[in-house]
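Take a look at the structure below.
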Number of protein chains: 2
Amino acid sequence: MTDAAAKIVKPPRKPAVKRASGARKLVKAAQSVGDIKAAEALEGHRAPGPRERAGEARKAAILKAALGVFARLGLDGASVEAIAQAAGISKANLLYYHPTKEALYVAVLEQGLSLWLAPLSRFSEGDDPAEAIAALIDAKLVLSRDHPEVSRLFALEMLRGAPLLKPVLSGPLKAVFDAKVAVIEAWAAAGRLAPVDPPHLIFALWALTQHYADFAVQVRALTGKSLSEKRFMEETRAAVTALVLDGLRPR
Amino acid sequence: MTDAAAKIVKPPRKPAVKRASGARKLVKAAQSVGDIKAAEALEGHRAPGPRERAGEARKAAILKAALGVFARLGLDGASVEAIAQAAGISKANLLYYHPTKEALYVAVLEQGLSLWLAPLSRFSEGDDPAEAIAALIDAKLVLSRDHPEVSRLFALEMLRGAPLLKPVLSGPLKAVFDAKVAVIEAWAAAGRLAPVDPPHLIFALWALTQHYADFAVQVRALTGKSLSEKRFMEETRAAVTALVLDGLRPR
DNA sequence: TCCAAGTTTGACCAAATGGTCCAAGTTCGA
DNA sequence: TCGAACTTGGACCATTTGGTCAAACTTGGA
């Protein structure tokens with residue numbers, strides 16, 4: 001049988017992975033934060049099946065490996081081979097689950113999105129401002145400690161100009177952002193907060209906390225410590241909270 | 001004349017560019033901040049010459065182009081061809097000035113280093129704390145506005161784990177850092193400042209200001225503005241300064 | 001004017017890399 | 001037990017890309 005004949009008899013069987021626009025997928029992911037299984041549930045739930053389960057686990061392992069590699073090397077710096085190796089599978093096998101490197105990258109971003117967006121959404125007008133802000137700082141620092149790669153990945157994406165994330169930023173994120181700006185304004189109006197500029201306060205909270213993940217090398221080089229050390233974590237939490245709440249000027 | 005003969009008659013003439021360890025070069029650069037011409041002056045100064053002058057200018061243009069490309073795409077994402085194109089020359093010509101892509105990258109980093117390190121070194125114990133800090137914030141914001149690519153390049157390098165910068169971080173930078181920590185401690189001890197944690201204060205000042213360069217896309221997506229707009233620049237300066245000096249709690 | 005040194009580039013090369021293909025397993029369910 | 005669908009990876013391919021080379025061009029200065 002010639003090669004040509006073979007080609008005709010057995011037409012190439014593309015893996016049945018849908019190829020959506022990365023950006024579109026991300027927006028959807030951002031919208032359904034905390035409701036991930038919704039779509040699946042709607043279109044009839046078959047039993048998980050032991051095989052499917054194993055598949056999910058492997059897929060998760062791949063994403064984890066990919067996160068690590070992407071966060072350190074970036075989309076361009078990371079090679080599919082390297083990720084496959086980190087995941088303990090062959091390159092071809094990795095490509096079986098994620099048709100292209102970029103698709104994999106989007107999947108990783110998608111997975112980190114809820115983690116990334118969550119802390120901000122947690123405070124509302126009823127809360128005590130000082131407490132809510134302290135809680136936000138704590139939540140973001142915990143994230144910087146336990147998932148620095150997620151923070152770094154998003155930082156990397158921002159530095160690239162956020163080609164994939166921009167729709168998320170100006171869509172779902174902006175919605176949350178605006179809502180929280182309103183909350184802070186209300187607090188300030190009620191005199192429960194000094195008259196700060198709400199958007200800048202939010203940026204400040206993000207910057208102050210993410211810094212310990214994104215610039216961890218620098219922090220380590222200058223202080224010799226990192227958030228993974230309990231004492232330093234606590235020290236950082238206290239310092240950031242004190243600074244934000246009370247400022248530098250002696251009272 | 002055969003090719004072989006030609007080879008013998010005209011042995012390859014390597015460009016006279018010294019190939020130093022990237023990291024070592026960076027440390028030296030960091031140490032001689034503000035004293036760039038020192039070495040040159042020592043080893044006998046010939047007149048600049050018109051050709052040499054033009055060469056310098058071209059070299060500067062290359063560095064500028066490279067900064068732009070590296071800051072957006074990263075070391076791996078940037079192709080030598082793309083940089084050459086941005087500089088308006090051929091790839092081979094670019095490689096004539098900088099023997100390897102990494103060497104070019106180091107040169108770019110080196111060039112940004114003084115800019116990067118300068119603002120912190122500017123305050124001393126004699127200054128008024130509030131003024132000195134406000135000045136630092138202003139200086140860093142100006143830098144974020146006028147040279148965001150420099151900020152982004154360094155951020156990128158940090159996210160990579162700073163393989164090239166680590167010696168600078170734990171050497172020259174740590175020296176300045178420690179000195180300024182002492183200054184802040186003195187201020188606090190004299191009661192001129194609330195009892196903040198000095199290292200964390202410095203991190204905070206960096207994080208708060210660099211954020212507007214590194215995460216400019218996000219800032220733009222959420223507020224529609226950027227530091228290049230005069231009003232927004234001023235607004236940001238005021239907000240950050242107020243937050244740092246007075247905090248959130250109403251007085 | 002003339003040439004040696006410096007500059008520039010097109011052609012080329014080898015390695016790395018994203019992605020394809022197919023043959024060989026593996027496993028679930030009937 | 002058997003086969004269809006799902007997995008897996010070795011071999012392979014086309015492209016990109018960092019870097020080399022030699023030949024041609026430009027120019028300052030003697």
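Residue numbers start from 1 in every chain, and the chains themselves are labelled A, B, ... in the order their sequence lines are given, proteins ahead of strands.
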Near-strand residues of residues 74-85 of chain A, defined as heavy-atom separation under 4.0 angstrom from DNA chain D
none
What protein N or O atoms touch nucleotides 9-16 of chain D N or O atoms at under 3.5 angstrom, if any, and at what distances?
| unit_1 | atom_1 | unit_2 | atom_2 | d |
| --- | --- | --- | --- | --- |
| D:dG9 | OP2 | A:Ser90 | N | 3.1 |
| D:dG9 | OP2 | A:Ser90 | OG | 3.1 |
| D:dG9 | OP2 | A:Asn93 | OD1 | 3.3 |

Without decimals, in angstroms, what is the distance between A:Glu102 CD and C:dG19 C1'?
14 Å
Closer than 4.0 Å, any side-chain N/O of A:Arg58 to the OP1 or OP2 of D:dT7?
no
Using whole Å, report how far CG of A:Leu94 lies from P of D:dT7.
14 Å
In whole angstrom, give the distance that lies between atom NZ of B:Lys101 and atom P of D:dT17.
9 Å
Per the 3.5 Å Watson-Crick/G-U criterion and a run length of at least three, the stems involving DNA chain D are C:1-30 with D:1-30
Can you tell me how far P of C:dT20 sits from OH of A:Tyr97, to the nearest Å?
17 Å
Short N-O contact, A:Glu157 and A:Arg160, less than 4.0 angstrom:
yes
If you count heavy atoms of other groups shown closer than 6.0 angstrom to NZ of B:Lys64, is the number above 12?
no
Under 4.0 Å between a side-chain nitrogen and a carboxylate oxygen: does that hold for A:Glu229 and A:Arg220?
yes
With the side chain counted from C-beta on, respond yes when B:Phe215 and A:Asp214 share a heavy-atom pair under 4.5 Å apart, and no when they do not.
yes
Using only atom types and a distance under 3.5 Å, with no angle test, would you say the side chain of B:Lys101 pairs donor to acceptor with the backbone of B:Ala78?
yes
Does A:Tyr96 place a side-chain N or O at less than 4.0 Å from the phosphate oxygens OP1/OP2 of C:dG19?
no
I need the OH-P distance between B:Tyr105 and D:dG18, as an integer number of Å.
14 Å
Rounded to whole Å, how long is the line connecting atom CG of B:Leu95 with atom P of C:dC13?
18 Å
